[in-house]
Structure formats: structure tokens, C-alpha cells
Student: 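Please see the structure below; I have some questions.
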Amino acid sequence: MTPADLSRTVLHAVRRAVDENALRAPVPARVRVERTRPGGSGDYACAVALQLAGPAELPALEVARILREQVAAEPGIGRVEITGPGFLSFTLDAPSDSDLAVLDAVREQGIAYGHGGALRDEILQFHHAREVRAAVTAHAVRRLLVSQGARVRISCDEAGDPEWSRLGVTVDAYGTPPVPLPRIRPVPAGATAGELLERLGSDAVRWGLLRPAGHDRAPLGDDLLVQGEANPLFRVRYAHARARALTRGAAALGFTLEPGEPLEPVAHEGADIAASEGAAHATHAEPAPYESAYAVHKGAEPLAHAAATPSPPPEAPARPLLDLLADHPGVLLAAARHRAPDRVARQLEAVAHAFFDFHDSCPPLPSGDEKPSAAHRSRLALAEAAGTVLAGGLSLLGISAPAHL
């Protein structure tokens with residue numbers, strides 16, 4: 001069960017309680033679930049009982065008890081507890097099944113993983129000044145909203161800068177709108193699109209303009225071009241390139257599965273698969289043509305070894321990365337609702353950081369004389385999913401995700 005599945009399950013429980021007259025309150029449009037914070041109980045927590053207590057004219061603890069009875073018997077939920085003033089805490093059954101559902105969703109949806117229809121009923125129009133950061137931000141906001149099903153129109157005070165097209169920016173209309181419209185108002189960049197493009201190039205310009213929150217100044221120094229870990233843009237794109245290199249290395253090693261081939265149980269935590277010079281050499285092998293296991297590039301066919309998604313790795317370093325991938329749809333929806341592309345950039349940085357921690361602790365490729373095992377398949381599936389999420393997030397920001405750096 002993914003976080004989105006759990007949110008829908010709780011919402012359905014609220015609706016049933018209202019239909020059965022066990023609860024007299026308006027059914028909310030959505031229910032938010034969050035990962036339990038350190039020291040908390042269960043896997044996820046939800047404050048819907050506190051939200052409904054007022055309209056229901058009942059204590060929050062009583063509302064929580066009503067909802068607990070509705071939710072407890074749902075498939076995939078192991079235990080429901082009431083904590084604090086009325087929070088519902090959920091412990092899920094078979095965490096590996098939940099993780100597998102996430103990897104399945106990434107494999108099936110590709111770079112559209114996290115896109116949805118939550119905002120499909122919204123028709124929006126935004127207006128911005130003739131300024132490069134406002135234009136790039138408005139364009140990214142439109143991409144995010146469209147990814148969640150909304151229809152969006154963008155207008156600008158006056159004719160746009162011709163250089164904006166090199167940044168992928170499009171505007172639907174120019175001039176003063178007949179009625180006041182919501183405006184995109186980030187802190188101005190202090191330079192023109194042409195000046196920034198000449199110095200930094202399109203990808204670095206877009207990252208530099210979108211990574212800070214709109215109310216903060218955009219740092220647009222030459223450090224955006226540094227090819228090193230200190231540069232978050234490089235780190236995110238390198239994590240994507242590294243994930244794709246693992247796919248190429250696996251293909252070079254003949255590391256494949258036939259469609260429908262059963263998988264062996266994943267090795268327990270502590271299985272020692274040490275990195276070696278031979279593994280590093282295989283990782284950088286360059287078979288042609290290159291095809292991502294998750295078909296990131298348009299028209300690509302998945303490799304055979306991705307035909308059946310393995311159970312995810314149980315090793316502790318995998319947990320943060322799996323959690324971030326599971327949370328990705330919620331991050332995209334929140335970024336769209338709040339018109340905040342900087343949230344997507346921060347999510348990609350977190351995924352890249354977790355990917356490298358996982359990659360370094362649990363090498364996805366066999367080394368030396370090792371034979372490919374179920375553990376390797378599982379690790380490779382997770383690494384490829386991370387690469388797909390990074391590619392999808394960069395795409396929403398209008399930034400390229402090269403397979404080689």
C-alpha cells in the first residue's frame with residue numbers, strides 16, 4: 001500500500017462512516033497522511049479526526065475511534081492506533097509489498113510517476129511581469145499543475161524576450177488582463193535571459209532560478225557549472241547518469257531476467273557484496289544501443305531484466321530511498337498546489353543523496369567472480385527507479401537528464 005493508497009483508504013472510511021450515519025460531518029475532498037516522525041507510532045499518521053471533530057460536534061478521540069473501526073479491517077493495514085488528542089497511526093502489513101507497489105508504479109508510469117488527476121477540475125490563469133525569473137517560474141508552475149490534471153493559461157505584461165524560447169518558456173497572451181489575475185512574483189533575477197544563457201546555459205539557468213523559493217534571491221554564480229558534489233544540480237544529474245550506467249553495466253554482464261521468471265528470495269541484511277575494480281569496470285561498459293529498464297527515453301523498450309519487478313532490498317540503506325520514492329507523488333502535488341517548483345528541486349536533491357548512500361553501501365552489480373543474485377536484481381530495480389524519478393523531476397523543471405556526464 002502506497003501513501004496515496006492509504007490516503008484513499010482513509011477517505012473511503014470517512015465516507016462510509018458518514019453514509020452509515022456513524023459520523024455527521026462533511027466528507028473532505030482529500031485526506032492527508034504523513035510518515036510518522038521519529039519517536040512516533042506506526043508507519044503513517046493522519047489528523048483527519050481532529051479536522052472532523054468540530055463539524056461532527058464530537059471529541060476528536062471519539063471521531064478517531066469511529067474511523068479506526070472503519071479502517072482496521074482494510075487489506076494492507078496491520079494495526080490502527082489512536083495517539084495524542086486524536087491522531088490515527090497506521091502500521092501497514094508486509095512492508096515489502098508496499099515497497100514493491102512503489103517500484104511497480106515507477107516501472108509502469110516511467111517519468112510520469114507522480115502525475116495524477118487531483119487538480120483535473122481546475123482551470124487556472126496566471127500573469128507575470130516581463131522578467132526572466134518570473135517567466136521561468138510561471139512556466140514551471142504550469143508544468144506542475146498540468147501534471148496534476150489542471151488546465152493552465154499564462155499571460156505576460158508585454159511582449160516576451162525572444163531569448164525566453166531558448167529556456168523553453170512559452171506565453172499564451174500578452175498585455176494587461178481585463179480582470180486581475182493571480183501573479184507569479186519571484187524576486188527578479190537582476191539579469192536578462194540572454195546574459196544568463198551566455199554565461200551558464202539553459203539547464204543551469206533554470207535550476208538557478210527555480211531551486212530557491214520565490215521570495216529568496218536566486219544565486220546565479222558560476223558555481224552552477226561546477227562538476228562536483230558541492231553543486232546540487234551536478235549531483236542530481238550525476239545520480240541519474242549513474243543509475244543509467246548501472247543498467248548498461250548489467251546489460252554488459254548479461255544480467256537479465258526472462259519475462260515472468262520467478263525470483264529467489266532477497267538476501268537478508270548484511271549480505272556482503274563488496275565493490276571491486278571489476279564491478280567498476282562493468283558499470284562503465286558501453287553496450288549499444290542503450291535502453292533504460294524503465295524506458296525513460298521516448299520509444300525505448302525496457303530491458304528483459306525489468307520485466308518482473310523484484311522484491312525491494314531489505315538492507316537498511318535502501319529504506320530512505322524507498323521512502324523518498326513513495327513520497328514523490330505527494331511532493332509533486334504539494335508543489336503544484338503551492339505553486340512552488342523549488343519543492344521539486346529539493347526533493348530531487350534528497351533522492352540523489354539517498355541514492356548515493358544506497359549505491360555505496362549496497363552495490364547493485366556483482367563483482368569479481370560473483371554470480372548475479374536476487375539481491376542484485378532488487379538493488380538494480382531500486383537504482384533504476386531512482387533514476388526514473390530523477391529524470392521525471394528534472395523534466396518537470398525543464399532541465400535535461402543526460403545518461404552520460
Side-chain angles (χ1 to χ4, degrees), residues 103 106-107 110-111 113 203-204 207 224-253 255-256 273-297 300 302-303 305-306 310 312-313 315 317-325 328 344-367 370 372 375-395 397 399-405:
L103 296 187
V106 178
R107 176 177 59 84
I111 62 172
Y113 172 66
D203 287 336
W207 180 271
L224 288 166
L225 300 177
V226 172
Q227 302 290 291
E229 290 189 5
N231 178 4
L233 173 59
F234 172 80
R235 189 172 176 83
V236 168
R237 297 173 88 203
Y238 180 60
H240 169 265
R242 185 66 174 167
R244 299 308 168 213
L246 291 171
T247 299
R248 296 192 297 271
L253 293 171
F255 186 4
T256 61
I273 303 178
S276 71
E277 183 177 355
H281 174 75
T283 299
H284 292 287
E286 300 294 339
Y290 160 60
E291 292 178 339
S292 164
Y294 286 109
V296 167
H297 297 288
L303 288 172
H305 72 265
E315 293 95 342
R319 185 75 264 155
L321 182 54
L322 283 162
D323 288 346
L324 284 165
L325 300 187
H328 187 68
V344 179
R346 290 196 296 274
Q347 165 77 352
L348 298 182
E349 290 180 40
V351 170
H353 180 81
F355 167 79
F356 284 119
D357 284 349
F358 164 71
H359 172 280
D360 294 345
S361 301
C362 306
L365 298 183
S367 61
E370 282 185 307
H376 293 117
R377 289 173 170 82
S378 299
R379 294 169 180 180
L380 184 62
L382 178 53
E384 290 180 326
T388 299
V389 166
L390 291 169
L394 287 170
S395 176
L397 298 179
I399 297 171
S400 66
H404 305 266
L405 276 180

Student: Please report the shortest heavy-atom distance between Leu103 and Ala385, naming the atom on each side.
Tutor: CD2-CB, 3.7 Å
Student: What I'd like to find out is whether the side chain of Val351 reaches to under 4.5 Å of the side chain of Arg346, using heavy atoms alone.
Tutor: no
Student: Residues in salt bridge (Lys or Arg N to Asp or Glu O under 4.0 Å) with Asp203, at least two apart?
Tutor: Arg237
Student: Would you name the heavy atoms of Glu349 and Pro232 that are closest together and state the gap between them?
Tutor: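 That closest heavy-atom pairing would be CD-CB, 3.7 Å.
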Student: Measure the shortest side-chain to side-chain distance between His353 and Arg235 over non-hydrogen atoms and say whether it is less than 4.5 angstrom.
Tutor: yes
Student: Under 4.5 Å between any side-chain heavy atoms of Phe356 and Glu229, yes or no?
Tutor: no
Student: For Ala204, enumerate each residue passing the side-chain contact (heavy atoms from CB on, under 4.5 Å) test, keeping only those at least two apart in sequence or located in another chain.
Tutor: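 In terms of side-chain contact (heavy atoms from CB on, under 4.5 Å), with neighbours along the sequence ignored, Ala204 is linked to Leu200, Leu224, Leu225, Leu233.
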Student: Show the nearest heavy-atom pair for residues Pro402 and His240, with the distance to one decimal.
Tutor: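 It is O-ND1, 3.0 Å.
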Student: Roughly how far, to the nearest 0.5 Å, is CD of Glu384 from CG of Leu380?
Tutor: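 The CG atom of Leu380 sits 4.0 Å away from the CD atom of Glu384.
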Student: Do Tyr238 and Gln227 touch side chain to side chain, with heavy atoms closer than 4.5 Å?
Tutor: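 Not touching, per the 4.5 Å side-chain cut-off.
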Student: Leu246 vs His359, test: side chain to side chain contact (heavy atoms under 4.5 Å, CB included). Steps then yes/no.
Tutor: CA-CA 10 Å; Leu246 291 171; His359 172 280; 3.8 Å; yes
Student: Can you tell me how far the CZ atom of Phe355 sits from the CG atom of Leu348, to the nearest 0.5 Å?
Tutor: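 It is 13.5 Å, given to the nearest 0.5 Å.
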Student: Would a 4.5 Å heavy-atom cut-off, applied to side chains only, mark Leu382 and Phe358 as touching?
Tutor: yes
Student: Taking all non-hydrogen atoms of both residues into account, name the closest pair between Val344 and Gly393 and its distance.
Tutor: CG1-O, 4.0 Å
Student: Side-chain contact test, heavy atoms from C-beta onward, threshold under 4.5 Å: evaluate it for Arg319 versus Leu322 and give yes or no.
Tutor: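 Touching, per the 4.5 Å side-chain cut-off.
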Student: So do Asp357 and Leu321 actually touch side chain to side chain, heavy atoms under 4.5 Å?
Tutor: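 No; the side chains remain at least 4.5 Å from each other.
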Student: Once rounded to the nearest 0.5 Å, what's the spacing between atom CZ of Arg244 and atom CG of Leu390?
Tutor: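 Answer rounded to 0.5 Å: 8.5 Å.
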Student: Which residues satisfy the side-chain contact (heavy atoms from CB on, under 4.5 Å) test with Ala345, sequence neighbours excluded?
Tutor: Trp207, Arg211, Leu397
Student: Of the non-hydrogen atoms in Ala243 and Ala383, which two are nearest, and what is the gap between them?
Tutor: CB-O, 3.5 Å
Student: To the nearest 0.5 Å, tell me how far His376 NE2 sits from Ser367 OG.
Tutor: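 His376 NE2 to Ser367 OG: 6.5 Å, rounded to 0.5 Å.
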